[in-house]
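Some notes on the structure that comes next.
Numbers for residues simply follow the sequence, beginning at 1.
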Amino acid sequence: MNLLPYSPSNIEEIKQLFTKVFSDSEGQSEGLLIGNLVYDLMTGTYVQDLYGFVAIENEKIIGSIFFTRLTFESEVNAFILSPVAIHTDYQGKGFGQKLINFGIHHLKENGVELVFTYGDPKFYSKVGFSLITEKLVKAPFALTYPEGWLGQSLVGDEIEPITGDSYCVNALNKSEYW
Ligand SMILES: CC(C)(COP(=O)(O)OP(=O)(O)OC[C@H]1O[C@@H](n2cnc3c(N)ncnc32)[C@H](O)[C@@H]1OP(=O)(O)O)[C@@H](O)C(=O)NCCC(=O)NCCS
């Protein structure tokens, strides 16, 4: 498997990957929702606020991941991981963890201090995330599943409390994602 930053020429293939993977795992309407979300992320986000990566196997994109900036009133270089997908036929082989670790390593090399995500703690704890509270770090919206609010520091052991509100990029700025 080859891991590398996505290129704008991959946009349609990536959109199709997310649509297929999330249709398979969560149903067609969720597939369409997430396919459209990644399209909006790729086409409507400032380059300095977006990192995207792909996993290639036999010249096909079999995995992809996106990180977008989370802005706070205080100056902190933070991103949120969302979403990530591994093609259904390739799941459970360690590719997801490799892709996430590759992305996080790239962010760290570029000076990112904190990474957040919103998902299953059992899976994301395998790649360095721990449970955090909305009191410690506010999410951009009130969370439907506060038990899925996760973070990791790339510069220290623990995440220090951050005061004030947080703001996500436009594509994620819809309450239905939170
Ligand atoms: C979640 C996903 C990216 C993980 O990638 P993967 O390559 O399948 O995972 P890996 O092989 O690296 O890791 C497998 C481990 O994670 C666990 N795992 C995989 N998918 C999981 C999920 N959706 N929820 C909880 N745990 C999961 C497995 O149980 C396994 O743990 P084990 O080794 O202790 O048995 C992939 O399964 C996927 O695309 N799923 C559908 C879309 C999705 O749910 N995306 C995440 C939300 S944005």
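Considering all non-hydrogen atoms of both residues, L3 and F102 come closest at O-CZ, 3.5 Å. Shown here for S9 and S7, the closest heavy-atom pair between the two residues is OG-OG, 2.7 Å. Of all non-hydrogen atoms in G31 and S23, the two that sit nearest each other are CA-OG, 3.4 Å. Of all non-hydrogen atoms in I65 and F18, the two that sit nearest each other are N-CZ, 4.4 Å. Nearest heavy-atom pair across S64 and I14 is OG-CG2, 3.7 Å. Across all non-hydrogen atoms, the minimal contact from W149 to V137 is NE1-O, 2.9 Å.
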### Message
Please determine whether side chain to side chain contact (heavy atoms under 4.5 Å, CB included) holds for the pair L172 and L37, giving the CA-CA distance in whole Å, both sets of side-chain angles, and the decisive distance to 0.1 Å.
### Response
CA-CA 7 Å; L172 281 174; L37 165 64; 3.8 Å; yes
### Task
Please report the C-alpha distance between S82 and Y118 in whole Å, then the side-chain angles of each, then the deciding distance to 0.1 Å, and finally whether the side chain to side chain contact (heavy atoms under 4.5 Å, CB included) criterion is met.
CA-CA 8 Å; S82 179; Y118 183 41; over 6 Å; no
### Task
Show the numbers, then the answer: is there a side chain to side chain contact (heavy atoms under 4.5 Å, CB included) between L150 and F123?
CA-CA 11 Å; L150 310 167; F123 174 65; over 6 Å; no
### Message
Please determine whether side chain to side chain contact (heavy atoms under 4.5 Å, CB included) holds for the pair V84 and Y124, giving the CA-CA distance in whole Å, both sets of side-chain angles, and the decisive distance to 0.1 Å.
### Response
CA-CA 11 Å; V84 54; Y124 286 107; 3.4 Å; yes
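Put simply, the side chain of E30 reaches to within 4.5 Å of the side chain of L33, judged on heavy atoms. For the pair T19 and Y39, the minimum side-chain heavy-atom distance is 4.5 Å or more. Considering only heavy atoms from C-beta on, P83 comes within 4.5 Å of V38 through its side chain. Here the side chains of I162 and K138 are not in contact, with every heavy-atom distance at 4.5 Å or above.
For CD of Q28, the number of neighbouring non-hydrogen atoms (other residues, nucleotides, ligands) closer than 6.0 Å is 12 at most. More than 12 non-hydrogen atoms from other residues, nucleotides or ligands lie less than 6.0 angstrom from CD of E176. The 12-atom threshold is exceeded at CZ of F141, counting heavy atoms of other residues, nucleotides or ligands nearer than 6.0 Å. The environment of CG in D165 is crowded: more than 12 heavy-atom neighbours from other residues, nucleotides or ligands sit within 6.0 Å.
When the side chains of ILVMFWY residues are joined at heavy-atom separations under 4.5 Å, either directly or via intervening members, L136 and F129 end up in two distinct hydrophobic clusters. No single ILVMFWY cluster, assembled from side-chain heavy atoms under 4.5 Å apart, contains both V127 and V21. Put simply, I11 and V169 are part of the same group of oily side chains (I, L, V, M, F, W, Y) that touch within less than 4.5 Å, one to the next. Follow the hydrophobic side-chain contacts under 4.5 Å out from I104 and you reach L131 in the same cluster.
To the nearest 0.5 Å, the span separating CD on E12 from CE on M42 amounts to 8.0 Å. Taking CG of L17 as the start and NE2 of H87 as the end, the distance is 7.0 Å to the nearest 0.5 Å. Here CD1 of I86 is found 8.0 Å from CD1 of I100. Values are rounded to the nearest 0.5 Å. Taking CG of L154 as the reference point, atom NE2 of H105 lies at 11.0 Å (rounded to 0.5 Å). How far NZ of K108 is from CG of N101: 11.5 Å, rounded to the nearest 0.5 Å. Atom CG of L32 is separated from atom NZ of K15 by 8.5 Å, given to the nearest 0.5 angstrom.
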Name every donor-acceptor pair, under 3.5 Å, that has one atom in a side chain of residues 50-63 and the other anywhere in the protein, sequence neighbours excluded.
| from | atom 1 | to | atom 2 | distance (Å) |
| --- | --- | --- | --- | --- |
| E57 | OE1 | M1 | N | 3.1 |

Going by atom type alone, with no hydrogens or angles, which donor-acceptor pairs under 3.5 Å involve a side-chain atom of residues 66-81 and a protein atom two or more places apart or on another chain?
| from | atom 1 | to | atom 2 | distance (Å) |
| --- | --- | --- | --- | --- |
| R69 | NE | D49 | OD1 | 2.7 |
| R69 | NH1 | N77 | OD1 | 3.2 |
| R69 | NH2 | Q48 | O | 2.8 |
| E73 | OE2 | Y167 | OH | 3.1 |
| N77 | ND2 | G111 | O | 3.1 |

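At distances below 3.5 Å, not a single donor-acceptor pair connects side-chain atoms of Q152 with backbone N or O atoms of V115. Between the side chain of S125 and the backbone N or O of S130, no donor-acceptor pair lies under 3.5 Å.
Judged as a salt bridge (Lys or Arg N to Asp or Glu O under 4.0 Å), and not counting sequence neighbours, D120 has no contacts.
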